[in-house]
Protein chains: 2
Amino acid sequence: MTAEVISAELLAVVVAMVGDEPCVLTLGDPPPRLPAGPLLPGHRSLQAATRRWVEEQTGRRLGYLEQLYTFADLDRDGSPARTISISYLGLTTPNADTGFGAWRGWYSLLPWEDTRTDTSVLTDRVTPQVRAWADQQPSLASERRQRCAITFGLDGNPWQPDLVLQRYELLYEAGLVPESPSAWRRPDDEVVPGDRMVGDHRRVLATGLARLRAKIQYRPVVFELMSPEFTLGQLQDCVEALAGRAVHTQNFRRLIEQQALVEDTGQVDAETGGRPARLYRFRREVLQVRQAAGTKLPTIRSR
Amino acid sequence: MTAEVISAELLAVVVAMVGDEPCVLTLGDPPPRLPAGPLLPGHRSLQAATRRWVEEQTGRRLGYLEQLYTFADLDRDGSPARTISISYLGLTTPNADTGFGAWRGWYSLLPWEDTRTDTSVLTDRVTPQVRAWADQQPSLASERRQRCAITFGLDGNPWQPDLVLQRYELLYEAGLVPESPSAWRRPDDEVVPGDRMVGDHRRVLATGLARLRAKIQYRPVVFELMSPEFTLGQLQDCVEALAGRAVHTQNFRRLIEQQALVEDTGQVDAETGGRPARLYRFRREVLQVRQAAGTKLPTIRSR
DNA sequence: ACCACTTATGCTCCGATGTAGCATAAGTGG
DNA sequence: CCACTTATGCTACATCGGAGCATAAGTGGT
């Protein structure tokens, strides 16, 4: 009974805003994959190893980086040798975009998660399939219906943006994503829309998205995705893109201001298409003080 | 450049309430250690492996179990071969206590974290040492002072219960815990009180405690530590023990009731030493609905 | 029986916070 | 000059959270 021989791999979900779209850094295709690499003897720490691999494979330096989750189920891929995957979430800006790899929109990979303006993907392509799955097995129907209603916000339940992972897992279980074994060779129209990724990378992406959506509610991490100076409108767009939903503008501004998260630069951006907006800068000092207190976001406007 | 050969180990922080004391399951001594074991080929998943090892080593079945963090820094111990440690947080009740291992009070291991009634450890033994460390290097003093003030709630900053890990790490850096290399052979009175553990297990414990304190604020996990029926007073004691601080009783009750987390059993417990208390039962149904909404706790009574 | 003390429970006051909407400012392109 | 866009200021109102007062119903002691 000796310990299993194992190799460990680092997996990075690197997020940046490209225009109005939240994107993830991917390599190769099709299907695309996340930057990843094995843990080597020279690596000092897991975090350092992740930084190195991302830099080597994509030519990009990461700023913010936090550990996400460690996966090691036996059936992750077909192979008998087990790989432990330690995943990280990184945040950057797409500036100086000289690297390799492609910024791919989150919502091309998980389209049902974008409920900012158009919920037709959700209501037309996902919800019906999910409901059908629930009713498929009469003995489980009531339990499944409850679960669907909560994770997808059906039957009067609220849509909860940060249940990303629960939604993906339900779709996987239901065989509604092509990665699922039970979706083997299902035709495209019996499957939910959204580009697939290598292995379980789409699940890892969902884990990252879930974490990020949860985190922006209590830590000022949004600013890691902004350029040094920005208007409150841009900041709001960013938050809305991440959360996948619209926010009450006036309340958003008040909240940001009263928390003293930003300071006025005295400059204005006239390129807004409307009244020029003031430019602000993130007050990095608050990172010290706000270890716990965090950014609060106004809860979401009902439409 | 092949992948490093590695073994992976599961580490469990298993928590239960023994009387009024929150405890962690430990083995051996001195110094005590957390239940742990290598990942073996037969293990289906990391979580299953953790369950097995805990059961085998302590004779206890776990209920709630969630992944905490994965450690793999090169300098974790002296050895050149790297071990990846994947830590889990488990919650149980100490019922049917037939197993091996000892329930050891959190606060014998991290005494400064208990600010429920007596803060003398903190104010007499920890704060002065921490302050001294900050002032030790004039060039870093201002930065360090800020950090100390925030993590330990000095100079008007609020005490934040869930900064457990930050506090431990500061003490470690400052050489104020005997585990720290820079505390090598320091006499006991130049070190902060609290029993040490094997390796970095005390850091892992701090990670678990931090997670738990954060989590009880937004998920109804406290109930995993309660027996099936309990009074609101017992529930409050449990929360206070976990958070390490006192809570306003009336507000606590209001909060629990208005969230409909519990239901009245119709019975009473006359053993309270005062007016008999109603017995309640956790409404397991809410686990479904409350995936995100969570238990809110009233913030803390000022004394 | 009465008293001091303990825990349980009900209720109110008030300030902070969050939600929603109205109104105005200052640009753009026709 | 007008219609439209985005930015920004302000207010009314509901809800929530924090703190305290008051009462209920047990205990043990004299």
Side-chain angles (χ1 to χ4, degrees), chain A residues 19-20 116-117 158-159 216-218 229-241 243 245-280 293-303, chain B residues 19-20 116-117 158-159 161 216-218 229-240 243 245-280 293-303:
Chain A
D20 261 13
R116 277 176 292 180
T117 52
W159 170 263
I216 52 171
Q217 295 181 50
Y218 60 97
E229 304 194 345
F230 49 84
T231 68
L232 292 183
Q234 289 164 351
L235 186 62
Q236 183 181 348
D237 287 344
C238 179
V239 167
E240 291 186 337
R245 49 187 319 181
V247 158
H248 183 111
T249 307
Q250 299 92 319
N251 293 341
F252 178 78
R253 314 178 100 260
R254 183 182 53 185
L255 217 46
I256 298 293
E257 278 163 357
Q258 84 187 12
Q259 290 178 98
L261 292 172
V262 297
E263 61 191 359
D264 198 330
T265 64
Q267 312 217 296
V268 288
D269 176 8
E271 315 286 300
T272 55
R275 169 172 170 178
R278 291 189 184 172
L279 279 170
Y280 291 89
T295 330
K296 295 176 187 163
L297 297 176
T299 31
I300 283 77
R301 166 170 40 179
S302 53
R303 308 205 138 215
Chain B
D20 260 13
R116 277 176 292 181
T117 52
W159 172 263
I216 53 170
Q217 294 181 49
Y218 60 97
E229 303 193 344
F230 48 84
T231 69
L232 292 184
Q234 289 165 349
L235 186 63
Q236 182 181 348
D237 287 344
C238 178
V239 166
E240 291 186 337
R245 49 188 320 182
V247 159
H248 183 110
T249 307
Q250 298 92 318
N251 293 342
F252 177 79
R253 315 179 100 258
R254 182 179 55 185
L255 217 47
I256 299 292
E257 277 163 358
Q258 84 188 10
Q259 291 178 101
L261 291 172
V262 297
E263 61 192 0
D264 197 332
T265 63
Q267 313 217 296
V268 288
D269 176 8
E271 315 286 300
T272 55
R275 170 173 170 176
R278 293 189 183 169
L279 280 170
Y280 291 88
T295 330
K296 295 173 188 165
L297 299 175
T299 30
I300 286 77
R301 168 170 39 180
S302 54
R303 314 200 137 217

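First the proteins, then the strands, lettered A, B, ... as listed; each starts at 1.
As a whole-Å value, the separation of B:Ile256 CD1 from C:dG10 P is 14 Å. Atoms CZ (A:Arg275) and C1' (C:dA26) sit 6 Å apart, rounded to a whole Å. Note: CD (A:Glu240) to P (D:dT6) measures 12 Å, nearest angstrom. Remark: C1' of D:dA22 and CD of B:Gln250 are 10 Å apart, rounded to the nearest angstrom. The CG-C1' distance, from B:Asn251 to D:dC16, rounds to 10 Å in whole Å. The CZ-C1' distance, from B:Arg253 to C:dA8, rounds to 6 Å in whole Å. Taking atom CZ of B:Phe252 as the reference point, atom P of C:dT7 lies 16 Å away to the nearest angstrom. Summarising the geometry, the separation between CZ on A:Arg278 and C1' on D:dA7 is reported as 10 Å, rounded to the nearest angstrom.
Out of D:dA7, C:dT9, C:dG18, the shortest distance to the side chain of A:Thr231 is found at D:dA7. Of the candidates C:dA8, D:dT8, D:dA25, D:dA25 carries the atom nearest the B:Pro276 side chain, counting heavy atoms from C-beta on. When distances run from any side-chain atom of B:Arg254 to the nucleotides C:dA8, D:dG9, D:dA19, the shortest one goes to D:dA19.
Looking at B:Glu257, B:Gln258, B:Gln259, B:Glu263 one by one, the single match for side-chain contact (heavy atoms from CB on, under 4.5 Å) with B:Leu261 turns out to be B:Gln259.
The nearest pair of heavy atoms linking B:Arg116 to B:Arg245 is CG-N, 3.6 Å. Among all heavy-atom pairs drawn from B:Pro161 and B:Ala243, the shortest one is CB-O, 3.5 Å. A:Val262 and A:Tyr280 get closest at one heavy-atom pair: CG2-CD2, 3.6 Å. Scanning all heavy atoms of the two residues, the minimum distance from A:Asp20 to A:Ala241 falls at O-CB, 3.6 Å.
A:Gln236 places a side-chain N or O within donor-acceptor distance of the main-chain N or O of A:Val247, the cut-off being under 3.5 Å.
Stem regions for DNA chain C, each three or more consecutive Watson-Crick or G-U pairs with both distances under 3.5 Å and listed by first number, read C:1-30 with D:1-30.
Not a single donor-acceptor pair, N or O on each side, falls under 3.5 Å between the base of C:dG18 and the side chain of A:His248.
Residues A:Leu279 and A:Val268 form no side-chain contact, since every pair of their non-hydrogen atoms from C-beta on lies 4.5 Å or further apart.
Contact annotation: A:Gln258 reaches the phosphate of C:dG18 (side-chain N/O to OP1 or OP2, under 4.0 Å).
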